[in-house]
Amino acid sequence: MNHERSRGLYDRALSVMPGGVNSSVRANMPHPFFIERGDGGHVIDADGNRYVDWVMGYGPLLYGHDLPDPVEAAVQSHVAEGPMYGAPTEVEIEHAEFVARHVPSVESIRFVNSGTEATVSAVRLARGHTGRDKIVVMQGGYHGAQESTLVEGSPEDHGPSTKGIPEEFAEHTLPIPFNDPQAAKEVFAEHGDDIAAVLVEPILANMGIVAPIDGYHETLRDLCDDHGSLLIFDEVITGFRVGGLGCAQSKFGVTPDVTTFGKIIGGGFPVGAIGGKADIIEGFTPAGEVFQSGTFSGHPVTMAAGKATLEYAAENDVYEHVNRLGRKLREGISEICAERAPEYTVVGTDSMFKTVFTRDAPDDPDACCAGGCRQDPDCARYDACPKTGADVAAAATDRWERVFWQEMKDRGVFLTANQYECQFTSYAHTEEDVERTLEAYREAI
């Protein structure tokens, strides 16, 4: 493939943008290819190369790059009426009502502008609601670019995971391993009276897709109830992808006190949201005393896009389609790995998928889970499959970025550029896209 124009654009970008990008995950090696346009389940780059796109904007593009007619009509109608007003609109209420009808935890909701803004606001709300300071997070979990959660280490020895955050800011954040009930019990035994909330992704979706072991979220729910802390599910990625319109919390049968949203809830436009029990969410100003505000919050175009996106999914076979393709990909990749790299672990559920280049799994072709790792204790691979962020980090992460991603790109398949970010099917993808991708896997693995 020719990438001369993308290389030239990258050279230009380096002179005016840090690292040549506006989000660090886009800075792949040797340089990113620049997208010119999307077409259904595909993208075309600046040099005219066409790729099957499984990145899907890192999750929000449930319909791919061609919006269904009702969604496009809703967007165009609100664009034509004016960009925004600095005043409420009816579509905000309608969107909030739809989400509250379908997501178990949501009685009230505040729309914001990004997943990061949602989790920042949720942490502030939890502290204001409980009068406590400490937040429990998962090692390897991701909750946006915010000071309270860019923290690494253990409850006894932790600090900021990036420069620019004072040590004091990390003092009240307690990182524990995902899928370790004993660690959760111990941190509550030590700090329970000071813990405002546990902030957790239902699935570690920014760390190679790590599913919860049986009973883990129930343990967190019980601990929060026993100590008067809030359970916050970060469903920025899993929301309206896992579990359909009920989100991952409905799939796992555990209802948090607060849920953060992003991505699909805005139909592909910039968005975030914090939903939960009314008596908690109404702690936000002006109803309560926890300050939260934003010029673009509840932007009418975003609200129209998000509402129409979810309504279309409710009325059509969207989730059946994307979940079927997701399972077909995971099953096909599992077969390929069983033949060529049985130590690798295929992960994912519903419309999410990824292959983790694990090193120490049993060299047994028959031990691969056909539809993605299910954390089944009876599985021969159970002890070797990733259960924490550290397990994924111990995989052959460089091979993904330096070799495999490059090989797939050269075969016209666009995957997330590192081992950690997950991939997504869309309503625009086809069986042919799946087969083309599996053929590329056979050649690249």
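What you see below is based on every heavy atom in this structure, not just the backbone, and it leaves out hydrogens, waters and symmetry mates.
Using a 4.5 Å heavy-atom threshold, the side chains of Ile203 and Pro212 count as touching. In this structure, the side chains of Leu231 and His217 stay at 4.5 Å or more apart for every pair of heavy atoms. Under the 4.5 Å side-chain criterion, counting only non-hydrogen atoms from C-beta, Met1 is in contact with Asn49. At least one side-chain heavy atom of Arg241 sits under 4.5 Å from a side-chain heavy atom of Leu62. With a 4.5 Å cut-off on side-chain heavy atoms, Val318 and Tyr312 count as touching. The shortest distance between side-chain heavy atoms of Phe169 and Ser148 does not fall below 4.5 Å. Side chains of Phe233 and Asp257 form no contact here, defined as non-hydrogen atoms less than 4.5 Å apart.
Contact check on Glu435 versus Lys328 returns a salt bridge, with a Lys/Arg side-chain nitrogen under 4.0 Å from an Asp/Glu carboxylate oxygen. Here Glu343 does not pair with Arg359 in a salt bridge; the nearest charged N to carboxylate O distance is not below 4.0 Å.
A cation-pi contact links Arg399 to Phe357, judged by a cut-off of 6.0 Å to the six-membered ring centre and 45° from its axis. Figure legend: Lys409 and Phe404 shown without cation-pi pairing, the cationic atom not lying both under 6.0 angstrom from the six-membered ring centre and within 45 degrees of its axis. Because its NZ or CZ atom is both nearer than 6.0 Å to the ring centre of Trp400 and within 45° of the ring axis, Lys354 counts as a cation-pi partner of that residue.
Side chain to side chain, Glu235 and Thr259 fail the donor-acceptor criterion of an N or O pair below 3.5 Å. Side chain to side chain, Asp157 and Ser154 fail the donor-acceptor criterion of an N or O pair below 3.5 Å. At a cut-off of 3.5 Å, with distance as the only test, a side-chain donor of Gln292 or Arg110 sits close to an acceptor on the other residue. Ser105 and Gln249 form a side-chain donor-acceptor contact under 3.5 Å, judged by distance and modelled atom types alone. Between the side chains of Thr260 and Asp234, at least one donor N or O sits under 3.5 Å from an acceptor N or O. Side-chain atoms of Ser6 and His3 form no donor-acceptor pair, as typed in the model, at a separation below 3.5 Å. Using a 3.5 Å distance cut-off with no hydrogens or angles, the side chains of Thr437 and Trp54 do pair a donor with an acceptor. When only modelled atom types and interatomic distance are considered, Asp350 and Tyr319 share no side-chain donor-acceptor pair under 3.5 Å. Side-chain contact of Asn206 with Tyr420: a donor-acceptor pair under 3.5 Å is absent, judged by distance alone. Defined by atom type and a distance below 3.5 Å, a donor-acceptor pair is present between the side-chain atoms of Thr345 and Arg381.
In this structure, the separation between CG on Asp53 and CG on Leu415 is 9.5 Å, given to the nearest 0.5 Å. Atom CD1 of Ile237 is separated from atom SG of Cys247 by 13.0 Å, given to the nearest 0.5 angstrom. Atom CD of residue Gln423 and atom OG of residue Ser351 lie 12.0 Å apart, to the nearest 0.5 angstrom.
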Contacts table for residues 78-95: side-chain donor-acceptor under 3.5 angstrom, sequence neighbours left out:
from: His78; atom 1: ND1; to: Ala74; atom 2: O; distance (Å): 3.1
from: Glu81; atom 1: OE2; to: Ser77; atom 2: OG; distance (Å): 3.4
from: Tyr85; atom 1: OH; to: Glu81; atom 2: O; distance (Å): 3.3
from: Thr89; atom 1: OG1; to: Glu92; atom 2: OE2; distance (Å): 3.2
from: Glu92; atom 1: OE2; to: Thr89; atom 2: N; distance (Å): 2.7
from: His95; atom 1: NE2; to: Ile265; atom 2: O; distance (Å): 2.8

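For the pairing with Thr425, the side-chain contact (heavy atoms from CB on, under 4.5 Å) check across Val434, Asn323, Val322 returns one residue only, Val322. Evaluated for a side-chain contact (heavy atoms from CB on, under 4.5 Å) with Pro386, the options Leu204, Asp391, Ile209 yield exactly one hit, Asp391. Test Tyr58, Phe33, Phe424 against Phe414 for ring pair (Phe, Tyr, Trp, His ring centres under 6.0 Å) and you get one pass: Phe33.
No close placement of the Phe261 and Phe111 rings is indicated, their centers lying 6.0 Å or farther apart.
Partners of His321 according to the side chain to side chain donor-acceptor pair (under 3.5 Å) rule, which considers only residues two or more places apart in sequence or in another chain, are Arg324.
For the residue pair Ala96 and Ile109, the shortest heavy atom distance occurs at CB-CG2, 3.5 Å.
Other residues, nucleotides and ligands contribute more than 12 heavy atoms inside 6.0 Å of the CZ atom of Arg50.
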Candidate pair Glu432 and Arg436, rule salt bridge (Lys or Arg N to Asp or Glu O under 4.0 Å), full reasoning:
CA-CA 6 Å; Glu432 182 181 352; Arg436 178 179 172 186; over 6 Å; no
